[in-house]
Amino acid sequence: MDTIFALASAQGKAGVSVIRVSGPQALEAMNALCETAVPVPGRGLRVLTDAAGDPLDEALVLSFAAPHSFTGENVVEFQVHGSTAVVSAVLDALGEIDGLRQAEPGEFTRRALENGQLDLAQVEGLADLIDAETEAQRKQAQVVLSGAIGQLAERWRSDLIRAASLIEVTIDFADEEVPVDVTPEVSSLLAGVQKDLETEVAGVKIAERIRSGFEVAIVGAPNVGKSTLLNALAGREAAITSEYAGTTRDIIEVKMDLAGLPVTLLDTAGLRDTEDHVESIGIALARKRAENADIRVFLAEASETPDVEMQDGDIRLLPKADARDDAEDAISGKTGQGIDRLVEHIATVLKSRSAHPGISTRNRHREALSSALKSLHQAQSVLELGPEHYDLAAEDMRSAIRSLELLVGRVGVENLLDEIFSSFCLGK
């Protein structure tokens with residue numbers, strides 16, 4: 001296997017930059033660059049030199065012996081001064097060593113997966129942790145990265161293997177009298193796993209929202225102040241505002257951190273009947289996006305009937321509080337009146353909805369869990385038909401086990417790996 005290297009910290013000037021090397025020749029590469037040897041495992045402050053013996057930098061060098069490293073291989077990290085010139089010089093020196101090559105995106109993490117240091121769910125958790133922008137996203141990603149999904153899957157898998165083995169013993173001795181009826185224990189094991197799976201599947205949607213962001217749509221007729229309100233909430237001029245109706249024709253999105261939760265604000269086209277073909281397309285998109293949003297903020301007069309149905313958690317406010325006498329229950333993006341109350345309402349609703357998210361965070365997880373759950377429902381139904389159908393129940397249990405193995409990447413995910421690791425940087 002090749003030995004790979006890459007800059008593991010961010011590109012650009014920094015106080016310290018980290019260059020990572022992993023593979024069978026990592027320790028030889030370390031010795032080639034260091035004037036004096038570094039203990040393995042261990043660390044030391046060393047002068048780095050190129051092949052000609054010219055000094056490159058003074059660096060803190062850390063060595064890790066396989067399998068006690070992130071990748072499970074021999075690993076060396078050079079913590080150098082973070083100038084682009086130093087980093088470039090060290091990378092060039094590594095590239096001149098036979099057997100070393102530049103890492104591909106996500107290749108260090110892929111090796112960690114292949115060497116059993118991480119399961120696939122942990123890899124996804126690591127990607128989410130790197131991308132985390134809010135406190136809720138960070139906490140959720142940390143749970144996944146800790147291996148919580150794999151631990152749950154292993155417990156469920158053990159229970160199902162126990163249940164399947166009990167059934168298969170009955171099948172193997174079908175012509176003999178089995179001293180103990182295993183059906184009650186098998187049913188109990190299946191019921192326990194089913195209950196856990198149902199809870200986890202129910203929480204995936206919220207967990208996905210924490211990972212990707214909740215959506216809050218500002219809805220109303222043209223020229224009621226939707227774009228002005230969006231700009232006020234965003235703290236910048238994100239949307240064009242004017243006195244002319246129909247200015248907003250596309251959906252404008254602004255991402256923000258609201259009480260630690262990721263929220264995307266949507267400024268939608270004003271809802272009205274129009275003969276303008278382009279505006280009508282924008283209105284149709286606005287209706288669809290608003291209907292699918294987690295919360296809708298309606299700006300409308302008391303006498304108006306909203307074109308989009310209000311749902312639990314939505315809020316309706318009178319527009320342009322700065323231009324009216326009846327300012328109660330009104331909001332103004334221009335003066336800021338009512339904005340604090342609106343933000344508090346949105347935060348309260350979203351915190352309530354995200355109070356009990358699942359550990360599983362992706363659609364892939366939900367599909368694997370749902371598949372396992374379906375197989376267990378079938379197994380329970382077949383068990384009720386009697387011992388002559390136990391072979392079918394055992395196959396349903398094995399199918400559920402395969403779904404759980406798919407969840408953590410033990411089987412059947414080769415076609416997903418390239419897509420997953422392409423989102424990583426070179427040094428990860």
Side-chain angles (χ1 to χ4, degrees), residues 1-11 17-30 38 40-43 60-79 91 94 97 99-132 137-155 157 211 359-362 364-365 368 404-428:
M1 179 176 286
D2 293 341
T3 298
I4 57 175
F5 66 90
L7 176 65
S9 52
Q11 294 280 351
S17 291
V18 178
I19 296 171
R20 176 180 289 165
V21 185
S22 179
Q25 291 182 250
L27 301 180
E28 289 86 342
M30 174 184 70
V38 175
V40 181
R43 63 187 183 275
L60 177 62
V61 183
L62 294 85
S63 66
F64 305 86
H68 305 294
S69 71
F70 174 70
T71 63
E73 304 172 333
N74 289 334
V75 170
V76 174
E77 291 187 355
F78 299 100
Q79 297 187 9
L91 291 175
L94 289 170
I97 300 174
L100 270 65
R101 65 169 174 83
Q102 184 86 21
E104 297 176 357
E107 192 169 3
F108 290 100
T109 307
R110 186 163 188 159
R111 291 191 177 193
L113 173 67
E114 292 169 347
N115 293 325
Q117 302 295 97
L118 300 173
D119 62 38
L120 187 59
Q122 287 178 288
V123 169
E124 292 167 324
L126 177 57
D128 290 342
L129 183 60
I130 292 171
D131 291 337
Q137 288 174 325
R138 181 193 66 80
K139 288 181 177 179
Q140 180 172 272
Q142 287 280 14
V143 170
V144 179
L145 178 57
S146 72
I149 294 177
Q151 292 164 14
L152 273 178
E154 186 57 36
R155 177 163 62 81
R157 181 174 174 273
R211 186 173 70 85
I359 296 175
S360 305
T361 59
R362 295 173 180 250
R364 184 187 72 80
H365 303 164
L404 295 178
E405 290 176 338
L406 180 66
L407 175 65
V408 294
R410 288 185 180 177
V411 296
V413 294
E414 289 78 9
N415 59 326
L416 294 174
L417 296 184
D418 288 341
E419 179 181 348
I420 290 172
F421 289 114
S422 66
S423 65
F424 283 78
C425 62
L426 290 177
K428 201 61 181 175

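The residues of the chain are indexed from 1 along the displayed sequence. When reading the values below, keep in mind they use all heavy atoms of this one structure, side chains included, and skip hydrogens, waters and symmetry mates.
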| said: The test is side chain to side chain contact (heavy atoms under 4.5 Å, CB included); show your working for Ser9 and Leu7 and say whether it passes. | reply: CA-CA 6 Å; Ser9 52; Leu7 176 65; 3.5 Å; yes
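- For the residue pair Met1 and Pro24, the shortest heavy atom distance occurs at O-CG, 3.2 Å.
- Closest heavy-atom contact between Phe108 and Ala103: CE1-CB, 3.7 Å.
- Within a 6.0 Å radius of CZ in Arg43, no more than 12 heavy atoms belonging to other residues, nucleotides or ligands are found.
- Distance check, rounded to the nearest 0.5 Å: CD of Glu114 to OG1 of Thr109 gives 11.0 Å.
- With rounding to the nearest 0.5 Å, the separation of CG in Leu27 from OG1 in Thr3 is 9.0 Å.
- A heavy-atom distance below 4.5 Å is not found between the side chains of Val61 and Glu77.
- Contacts of Arg101 classified as salt bridge (charged side-chain N to carboxylate O under 4.0 Å, His left out), with partners at least two apart in sequence or in another chain: Asp2, Glu107.
- Not counting sequence neighbours, the partners of Ile130 by the side-chain contact (heavy atoms from CB on, under 4.5 Å) test are Leu126, Phe424, Lys428.
- With sequence neighbours excluded, the residues forming a side-chain contact (heavy atoms from CB on, under 4.5 Å) with Ala368 are Leu407, listed by chain and number.
- By the salt bridge (charged side-chain N to carboxylate O under 4.0 Å, His left out) test, Arg211 pairs with Asp128, sequence neighbours left out.
- Considering only residues two or more places apart in sequence or on other chains, Asp119 meets the salt bridge (charged side-chain N to carboxylate O under 4.0 Å, His left out) condition with none of them.
- Between Leu120 and Leu113, the shortest heavy-atom distance links the atoms N-CD1, 3.6 Å.
- Using a 4.5 Å heavy-atom threshold, the side chains of Met30 and Val21 count as separate.
- One distance of note links CZ of Arg20 with CD of Gln79; it measures 10.5 Å at 0.5 Å rounding.
- Shown here are the side-chain contact (heavy atoms from CB on, under 4.5 Å) partners of Glu154, two or more places apart in sequence or in another chain: Arg157, Ser158, Arg410.
- Minimum heavy-atom separation, Ser69 to Gln117: O-NE2, 2.8 Å.
- Taking Ser22 as the reference, Thr71, Glu73 meet the side-chain hydrogen bond (donor to acceptor under 3.5 Å, both in side chains) condition, with sequence neighbours excluded.
- Here the closest heavy-atom approach between residue Gln122 and residue Val144 is recorded as CG-O, 3.6 Å.
- Contact between Leu94 and Phe78 at its shortest, heavy atoms only, is CD2-CE1, 4.3 Å.
- The CZ atom of Phe5 sits 5.0 Å away from the CD atom of Gln102 when rounded to the nearest 0.5 Å.
- In this structure, Glu124 pairs ionically with Arg364, as a charged nitrogen and a carboxylate oxygen lie closer than 4.0 Å.
- Expressed to the nearest 0.5 Å, how far CD of Gln140 lies from OG1 of Thr361 amounts to 5.5 Å.
- For Ala65, the side-chain contact (heavy atoms from CB on, under 4.5 Å) partners at least two apart in sequence or on another chain are Val40, Asn74.
- Atom-to-atom distance recorded for Leu404:CG and Leu152:CG is 10.0 Å, nearest 0.5 angstrom.
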